[in-house]
Amino acid sequence: MSATVPATRDASLPAAYSEALERLSLAPLWTALHVLLPAERVTAAVPHRWRWRDLRPRLLEAARLVPIEQAERRVLVLANPGLGGAYAITSTLYAGLQVILPGETAPSHHHTPSALRLVVEGRGAYTTVEGVKCPMEPGDLIITPPMRWHDHGHEGTEPVVWLDGLDIPLVRHFEASWASRMRPAEPPLTDADPSSDEFTAAGLVPGRSRYPDTGYPHVRWPWRTVRAALERLAAGRAAGEPVVLRYVNPRTGGFPLPTMGAEVQWLRPGETTPRERRTAGAVYQVIEGRGRSCVGETWLDWEAGDTFVAPPWHRVEHQAADAPACLFQFNDEPAVRALGLWDAERG
Ligand code: GTQ
């Protein structure tokens with residue numbers, strides 16, 4: 001479904017009347033009322049899973065075929081099959097897999113959309129956010145808030161791949177999408193990020209920071225820390241109680257980005273989560289394990305590295321196979337909440 005609905009004439013009225021309306025740039029509401037305000041929420045986006053084992057060879061091929069100097073960002077975009085080839089995984093969210101080779105740099109720019117990265121494979125790459133060097137190891141989350149300069153580099157020895165999540169379709173809908181010109185990546189101003197020395201324990205924030213104050217004090221969540229926290233949380237929870245951590249801005253306790261939230265869920269072996277639907281859409285990345293999820297009416301099986309999408313207001317249920325599984329997701333919950341559209345339902 002396109003966001004724009006073509007004006008429809010009322011066939012029961014004289015053609016001359018319809019023509020007069022059109023000359024005056026007017027349209028009858030009564031022919032379109034129930035399209036604009038349907039009885040149920042509608043989305044053209046469909047549940048879908050992209051397999052890592054299909055995607056990975058295509059990414060490595062792109063790395064051979066497309067020089068980074070030409071691509072600037074070497075990304076294969078996950079285009080939701082219901083959205084007619086749009087660069088969108090839901091009507092508001094964008095997702096892509098980016099690959100960078102040892103020694104390459106992706107130049108620096110900044111833009112109005114927000115971005116986050118979840119590392120899928122490889123070590124030795126880093127993202128620089130406003131001069132702060134954020135190492136990229138599998139499972140790490142790094143955010144790039146709106147209008148912060150960022151570039152990517154690679155000091156390691158193997159290709160590094162990560163999932164990019166951006167709010168490009170949403171920002172484009174507001175006609176607010178633009179980026180600065182690229183400039184060459186500059187050496188980072190720091191050799192580490194605040195998760196390595198200033199945000200190492202929950203409930204403590206530094207009295208004074210050595211990093212630039214951008215309003216986003218926490219830009220990287222190392223998987224090592226997140227996984228340990230999940231495992232501890234799981235140990236104290238009764239079977240059947242979901243084990244979920246939300247990534248937050250430690251200054252506000254709120255969402256990490258203005259438009260996007262992020263969560264990670266630990267599934268115990270054989271665990272089935274309660275079915276739930278939310279008015280926010282979500283993109284899932286499998287960090288560890290195997291299992292399957294029911295999204296709406298569609299069963300999607302998954303294993304580490306796979307990505308899948310739950311469009312808004314689709315019931316979602318996850319099932320882990322016979323080992324623990326970790327599912328990361330990002331979503332448009334803060335944007336949905338800001339518009340007064342948040343709702344969630346169990347069952
Ligand atoms: O790494 O800056 O997938 O600007 C799309 C747009 C990645 C990035 C994307 C971008 C980037």
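All of these numbers come straight from a predicted model, not from anything done at the bench. Numbers for residues simply follow the sequence, beginning at 1. Order of listing sets the numbers, starting from 1, for every ligand and every atom in it.
- R224 CZ: 12 or fewer foreign heavy atoms inside a 6.0 Å radius.
- Using a cutoff of 4.0 Å between basic side-chain nitrogens and carboxylate oxygens, R49 and D301 are scored as salt-bridged.
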Margin query: The test is salt bridge (Lys or Arg N to Asp or Glu O under 4.0 Å); show your working for D164 and R73 and say whether it passes.
Written below: CA-CA 11 Å; D164 282 321; R73 298 292 188 264; over 6 Å; no

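- Proximity of H150 to I142: side-chain heavy atoms (C-beta onward) are nowhere separated by under 4.5 Å.
- Of the candidates T105, T127, T128, H152 forms a side-chain hydrogen bond (donor to acceptor under 3.5 Å, both in side chains) with just one, namely T127.
- Within the 4.5 Å cutoff, the side chain of N80 has no heavy atoms near those of the T90 side chain.
- Near ligand 1, residues R73, V75, Y94, Q98, H109, H111, R117, H150, H152, D164, L166 each place a heavy atom inside the 4.0 Å sphere around the ligand atoms.
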